[in-house]
Every structure is written in C-alpha cells, then in structure tokens.
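Below is one structure; the comments refer to it alone.
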Amino acid sequence: MKKSVVAFIIGICIVLVSCKKEKSPVLETASSEIPKFVIDSVSVKDSAVISNMLSLNYESYVLVYPSIKDKALLDSIYFIYKGITDYSKPGLQNYLRNDKTGYFEETKSRSKEWISDINYKQTWYTNFKMTQTSLKNNFLQLEYLTSAYEGGAHDNYWFSNRVFDLKNKRKLLLSDITTMPDVKISEILKKNMDKMHSGTTDSHGEVKNSDMLLVDIIEPNENFYFDSKNLYFHYSPYEIAAFAAGDIVIPIPWIELKGTLKPEFEKRLNSQ
C-alpha cells in the first residue's frame with residue numbers, strides 16, 4: 001500500500017514538472033519591478049503579380065507584448081499602426097493581413113494608368129520590422145524599420161527608435177533625460193557627427209558623415225536610445241545628410257551631459 005501511495009505522489013510531481021515546462025518563455029529583466037515579461041511575435045509575408053512586368057512583395061514582423069496591459073502605453077508602442085484597438089496576437093495578425101490586402105489593392109489601383117510604361121521586370125515591396133534592442137531597469141527600447149521600393153533609382157528606408165518607461169507606463173521623452181537646451185545638444189551632435197562611421201566610401205576611401213551633411217544645424221530628434229556609455233540619436237537617409245550616407249547614428253557620451261541629467265533617470269540608468 002505504501003508503495004502505491006509513493007508511486008502516486010511521484011506521478012503527480014512528474015505531471016506538475018511537465019506543466020511548468022510548457023509555460024510561455026519569459027524574458028528576465030534587469031529590475032525586480034516587472035518579474036515576468038513575455039515576448040511573442042507575429043509576421044505576415046505574401047506576394048502578388050500585377051502584370052508580367054510588375055510584382056509586389058509585402059512583409060511585416062511585429063513584436064507582441066502580452067505582459068503589457070496599459071492601453072495608452074500599447075497605443076504608443078504601436079504608434080505606426082493607425083486605427084488598431086486589439087493588441088493581442090490574433091488582433092495584430094489580423095491587422096497585418098488587412099494591411100497587406102490594402103497595400104496590394106491600393107498599388108494595383110494606382111498602377112492602372114502607367115503600368116504599360118514599365119518595360120522591364122521589377123518587384124516593388126514594402127517591409128516593416130520591429131526589433132527590441134534593450135530591456136533594462138524597466139526601460140524598453142524598440143527600433144522600427146520601414147523600407148519600400150516603387151520604382152526609381154533606389155529603395156527608401158526609415159528608422160524610428162522609441163524608449164518606453166514601463167515603470168511610469170509611457171514613452172520616454174528627451175526632457176525626461178536631460179535639461180540641456182536643444183541648441184546646446186545641436187552643437188554636440190554636430191561636433192560628434194563623425195564618431196560613428198556610416199561605411200560610405202568613394203574613390204578616395206571612406207567618406208565622413210560631415211562631408212554629406214545637408215543641414216547647418218543638426219537638431220535632436222525623437223529617434224534616440226541609450227546604453228551605459230552614450231545617448232544616441234538616429235537619423236534616416238535624407239534627414240540630415242545625402243542618401244549615400246545611409247542612416248546616421250550620433251553618440252553623446254553621458255559625460256557631455258553631466259550636470260543636466262534628470263535625477264530619477266540618472267538613478268535608474270546607473271542601477272544594477
């Protein structure tokens with residue numbers, strides 16, 4: 001009888017252990033304030049043939065955050081998608097499918113008047129990718145990349161970087177980080193423009209970012225992110241420099257912002 005009871009208890013334990021293994025994967029955070037942070041994703045990829053000379057490709061990859069329940073915060077995370085209200089995995093999947101259908105139908109409708117002018121095979125596309133670049137001290141950092149091609153000499157692409165304060169449930173603003181005036185930040189950005197190379201070259205070798213600058217003043221934009229060493233500003237092609245320069249990232253070391261950092265942000269930045 002004792003052996004039967006022991007066997008029964010062991011069986012129950014095995015079942016419980018098996019159940020635990022089947023739980024959704026949890027990403028550990030650097031702070032105990034959010035003990036569980038679940039990440040999932042959805043993607044839609046499809047193509048369509050418009051004519052014997054023109055094809056279309058659509059591809060979207062979007063992260064899903066079941067752990068985040070605050071609607072205002074979710075609205076901010078998915079700011080690129082207008083009109084969405086359901087941020088669940090099925091809701092986002094359905095939105096992307098409708099977005100794909102809309103892209104195919106709208107492009108096909110626009111192409112009716114001039115499609116006969118296309119005299120060589122080409123593929124037009126629209127791609128979107130959402131990437132999590134960091135999650136530390138309840139700061140969620142995301143990068144959004146949109147790229148597209150609709151004829152012409154080259155494709156186009158745009159970056160958006162956002163930092164979300166999970167503790168206070170809102171998007172982090174530059175004013176939450178530093179009190180330094182924009183005019184002073186602009187001076188530092190211009191001074192540091194060549195610290196991170198774009199990789200552009202010509203017959204004389206590597207070309208500096210500053211050699212392709214299109215503006216006199218580099219204003220701080222909303223596409224910023226940070227790590228333990230620097231605050232970074234990310235600029236898409238044509239935003240401050242020629243397309244050949246590609247996207248440009250300009251770092252500002254924290255030491256150059258010394259004395260202007262907001263106390264709460266500085267404390268969380270340096271916490272372990």
Side-chain angles (χ1 to χ4, degrees), residues 56-63 77 79-81 103 107 120 122-134 139-164 171-175 177-178 180-257 260:
L56 302 178
N57 281 343
Y58 175 97
E59 187 170 358
S60 282
Y61 176 85
V62 178
L63 297 177
I77 289 174
F79 73 99
I80 199 166
Y81 292 129
Y103 167 68
T107 306
Y120 65 94
Q122 40 187 293
T123 299
W124 293 5
Y125 69 85
T126 179
N127 291 343
F128 176 78
K129 186 176 182 180
M130 181 177 172
T131 304
Q132 179 175 305
T133 57
S134 176
F139 289 123
L140 172 66
Q141 304 196 55
L142 300 177
E143 181 175 88
Y144 310 79
L145 171 60
T146 303
S147 56
Y149 177 73
E150 289 193 352
H154 56 73
D155 59 355
N156 289 293
Y157 58 96
W158 309 266
F159 282 96
S160 292
N161 293 85
R162 296 288 187 272
V163 181
F164 299 96
K171 176 191 168 190
L172 193 73
L173 303 176
L174 186 58
S175 59
I177 296 177
T178 177
M180 182 176 286
D182 284 358
V183 63
K184 179 61 178 176
I185 296 177
S186 293
E187 293 174 3
I188 299 175
L189 288 171
K190 194 164 187 179
K191 174 177 68 71
N192 294 349
M193 186 177 184
D194 293 322
K195 284 194 171 183
M196 295 181 69
H197 303 296
S198 66
T200 304
T201 59
D202 62 12
S203 58
H204 301 289
E206 189 169 51
V207 180
K208 293 181 179 180
N209 294 331
S210 55
D211 292 334
M212 294 177 280
L213 193 62
L214 298 175
V215 297
D216 294 326
I217 298 174
I218 303 177
E219 297 181 355
N221 62 9
E222 292 187 350
N223 296 337
F224 63 81
Y225 59 96
F226 56 82
D227 58 21
S228 60
K229 298 179 179 179
N230 303 296
L231 173 64
Y232 303 89
F233 288 88
H234 197 173
Y235 297 89
S236 296
Y238 291 127
E239 191 171 354
I240 61 171
F243 182 83
D247 59 300
I248 294 175
V249 176
I250 306 178
I252 298 183
W254 293 119
I255 190 66
E256 295 195 56
L257 295 170
T260 72

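Scope of the values below: all heavy atoms of this structure, side chains included, with no hydrogens, waters or symmetry mates.
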Residue pair [X] / [Y]: nearest heavy atoms and the distance that separates them:
X	Y	value
N230	P253	OD1-CA, 3.1 Å
Y232	D227	OH-OD2, 2.7 Å
G151	W124	N-NE1, 3.3 Å
M130	V62	SD-CG1, 3.7 Å

Only counting residues at least two apart or in another chain, list the ones meeting salt bridge (charged side-chain N to carboxylate O under 4.0 Å, His left out) with K191.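 Residues passing salt bridge (charged side-chain N to carboxylate O under 4.0 Å, His left out) with K191: E256.
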For [X], give me all partners under ring pair (Phe, Tyr, Trp, His ring centres under 6.0 Å), at least two apart in sequence or on another chain.
X	answer
Y61	none
F164	none
F224	none
Y103	none

Measuring from atom [atom1] of [X] to atom [atom2] of [Y], what distance do you get when rounded to the nearest 0.5 angstrom?
X	Y	atom1	atom2	answer
I185	I250	CD1	CD1	12.0 Å
L189	I248	CG	CD1	11.5 Å
N223	D247	CG	CG	10.5 Å
S186	D216	OG	CG	11.5 Å
N127	E59	CG	CD	5.0 Å

- With sequence neighbours left out, which residue pairs that include part of residues 147-158 fulfil the side chain to side chain donor-acceptor pair (under 3.5 Å) condition?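 Counting only pairs at least two positions apart or across chains, the side chain to side chain donor-acceptor pair (under 3.5 Å) contacts touching residues 147-158 are R110-E150, Y125-D155, H154-Y238.
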N192 vs F233, test: side-chain contact (heavy atoms from CB on, under 4.5 Å). Steps then yes/no.
CA-CA 11 Å; N192 294 349; F233 288 88; over 6 Å; no
S236 side-chain N/O to F159 backbone N/O, donor-acceptor pair under 3.5 Å:
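It does hold such a pair.
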Main chain of A245, side chain of N209: is a donor-acceptor contact present, judged purely on distance under 3.5 Å?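 No: the side chain of N209 does not pair with the backbone of A245.
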Sequence-distant partners of [X], side-chain contact (heavy atoms from CB on, under 4.5 Å), two or more places apart:
X	result
Q141	T133, S134, V163, Y225, F226
L213	K190, M193, V215, I218, I240
T260	T178, T179, M180, L257
F79	Y144, S160, R162

Of all residues at least two apart in sequence or in a different chain, which pass the side-chain hydrogen bond (donor to acceptor under 3.5 Å, both in side chains) check with E143?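 Applying side-chain hydrogen bond (donor to acceptor under 3.5 Å, both in side chains) to E143 gives N161.
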- Task: Only counting residues at least two apart or in another chain, list the ones meeting side-chain hydrogen bond (donor to acceptor under 3.5 Å, both in side chains) with E222.
- Result: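 Per chain and number, E222 pairs via side-chain hydrogen bond (donor to acceptor under 3.5 Å, both in side chains) with K171.
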Beyond-backbone contact of Q132 with L140, side-chain heavy atoms, under 4.5 angstrom:
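A side-chain contact under 4.5 Å exists here.
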### Query
Considering only heavy atoms from C-beta outward, does the side chain of L63 approach that of I77 to under 4.5 Å?
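The answer is no; the side chains never approach within 4.5 Å.
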**Prompt:** Does the pair T123 and N57 meet the rule for a side chain to side chain donor-acceptor pair (under 3.5 Å), with working shown?
**Reply:** CA-CA 7 Å; T123 299; N57 281 343; 5.3 Å; no
L214, CG: over 12 other non-hydrogen atoms inside 6.0 angstrom: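 More than 12 within 6.0 Å, yes.
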